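We're numbering straight along the sequence, starting at 1. When reading the values below, keep in mind they use all heavy atoms of this one structure, side chains included, and skip hydrogens, waters and symmetry mates. Remember, predicted model here, so these are calculated numbers, not experimental data.
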Amino acid sequence: MPRIDRYILSQLLTLFGFFALVLVSVYWINRAVSLFDDLLRDGQTALVVLEFTALTLPLVISVVLPVAAFAATAYGTNRLSGESELVAMQAAGLSPWRMARPVLVFGLFVGLLVAVLVHGLVPMARARLADRQTEIAENVTAQFLRAGSFQYPVDGVTLFIRDIASDGRLLDLFIEDARDPADQTVYTSEEALILRGDSGPVLVLLQGMAQNLQRSDAAPPRLSVTRFQEFSYDIGGMIGGGSRKGRDLRDYGTLQLLNADQQMLQATGADAGQAQREAHERIAQPLLSPIAAMVGFAALLVGGYSRFGVWRQVLFAIVLLIGAQFSTNAAAQQAGRDPALWPILYMPALVGAGICVVLLWWSARPRGPSGKGAA
């Protein structure tokens with residue numbers, strides 16, 4: 001790589017590291033505040049909070065990196081222009097096409113980082129986070145199962161356990177479910193077990209009785225008593241601590257999505273078209289990183305030198321970046337409605353590449369002796 005390319009690339013990488021650190025910190029703190037509140041309210045330790053926040057970092061970084069690439073390129077180009085380095089390069093015979101080469105290399109490098117994140121680290125972190133959330137939810141459920149004291153998991157529900165045996169059996173259990181004043185039920189059992197069900201932890205009551213009291217304005221209260229040998233009570237759903245009812249497509253790798261099997265489709269409740277749409281959305285996401293970098297460079301070359309600065313070009317570049325993001329969101333929404341339209345997910349990158357080519361051509365066009373384009 002020629003020395004001029006290495007110089008421009010080193011400037012962009014330095015600025016990229018700074019902007020990425022700042023933007024990731026701000027974005028991650030905003031996302032982590034609600035996570036801190038939820039975990040600390042559930043009585044989790046600092047290690048659990050640290051683990052959860054670390055698992056959210058890959059997603060945050062993958063979202064922020066293209067914006068950091070744009071900011072680094074726009075700021076770096078502005079600084080090169082302000083210090084007349086761009087003028088010196090152009091005077092040495094370098095065209096905008098030639099000066100864009102290190103910027104394109106920089107954008108491809110950022111795109112490679114985003115690809116590693118969205119195809120590898122983000123799905124792994126999301127799957128691990130989902131598993132840990134299930135474990136935490138079950139641990140929260142177990143916190144309410146304390147012997148010798150009345151517990152109130154939710155309004156209208158009272159729970160009492162006389163003792164807990166060494167093998168985990170709950171002895172002499174009492175549950176009053178009065179969430180519906182017109183339909184109240186009291187469950188008692190000699191012992192109970194905690195089992196894992198499809199919707200979360202389940203209490204299996206053994207050798208017990210259910211007393212149901214129904215009230216109505218049109219009839220006197222009616223009490224019914226039912227004795228049972230075994231009865232299941234969904235305590236996980238009662239306190240809102242049940243596990244997820246299925247996985248998410250975003251928890252799986254890209255190759256798994258492209259070759260979705262029946263087991264994965266049953267676990268997620270999706271079809272093969274939705275799995276392929278998710279995979280193509282991931283493939284298209286890294287393509288926006290070189291587009292963002294090239295837009296930040298090419299837009300600032302349009303208009304030539306001005307002693308008033310390049311604030312107009314900067315605003316123009318920001319508008320182009322916002323437009324690219326809007327088109328990406330619109331394409332994702334259309335593909336979400338009809339997975340067969342997944343090819344439109346690549347349209348924002350193609351249109352962005354065309355805009356960059358037009359901007360570079362515009363900045364490289366011959367200028368008249370009167371200095372058109374200069375303010």
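The aromatic rings of Tyr75 and Phe19 sit perpendicular, their planes meeting at an angle over 60°, well past the 30° parallel limit. Using bins of under 30°, 30° to 60° and over 60° for the plane-to-plane angle, the ring pair Phe231/Tyr187 lands in the parallel bin.
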(request) Show your reasoning for whether side chain to side chain contact (heavy atoms under 4.5 Å, CB included) applies to Leu300 and Val314. (result) CA-CA 6 Å; Leu300 267 67; Val314 171; 4.2 Å; yes
(message) Quick one, Glu51 with Arg132, criterion salt bridge (charged side-chain N to carboxylate O under 4.0 Å, His left out). Give me CA distance, side-chain angles, the key distance, then yes/no.
(response) CA-CA 9 Å; Glu51 179 185 6; Arg132 290 292 290 134; 3.0 Å; yes
(request) Please assess Tyr346 against His280 for the test side chain to side chain contact (heavy atoms under 4.5 Å, CB included), listing each intermediate value before the final yes or no. (result) CA-CA 8 Å; Tyr346 299 95; His280 286 289; 2.8 Å; yes
(request) Show the numbers, then the answer: is there a salt bridge (charged side-chain N to carboxylate O under 4.0 Å, His left out) between Asp5 and Arg98? (result) CA-CA 9 Å; Asp5 290 351; Arg98 175 62 182 81; 2.8 Å; yes
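By the 4.5 Å heavy-atom criterion applied to side chains, Phe174 and Val186 are counted as neighbours. Using a 4.5 Å cut-off on side-chain heavy atoms (C-beta onward), Leu257 and Gln276 make no contact. The side-chain heavy atoms of Val157 and Arg179, taken from C-beta on, include a pair separated by under 4.5 Å.
Within 6.0 Å of atom CE in Met89, more than 12 heavy atoms from other residues, nucleotides or ligands are found, so the atom counts as buried in its surroundings. Counting heavy-atom neighbours within 6.0 Å of Phe18 CZ, excluding the residue itself, gives a total of 12 or less. The 12-atom threshold is not exceeded at CZ of Phe109, counting heavy atoms of other residues, nucleotides or ligands nearer than 6.0 Å.
Under 3.5 Å, the side chains of Ser189 and Glu191 contain no donor-acceptor pair of N or O atoms. Side-chain contact, Thr185 with Asp177: no donor N or O sits under 3.5 Å from an acceptor N or O. Under the 3.5 Å distance criterion, with hydrogens and angles disregarded, no donor-acceptor pair is assigned to the side chains of Arg227 and Gln207.
Within the model, atoms CE of Met99 and CG of Leu301 stand 5.5 Å from one another, a figure rounded to the nearest 0.5 Å.
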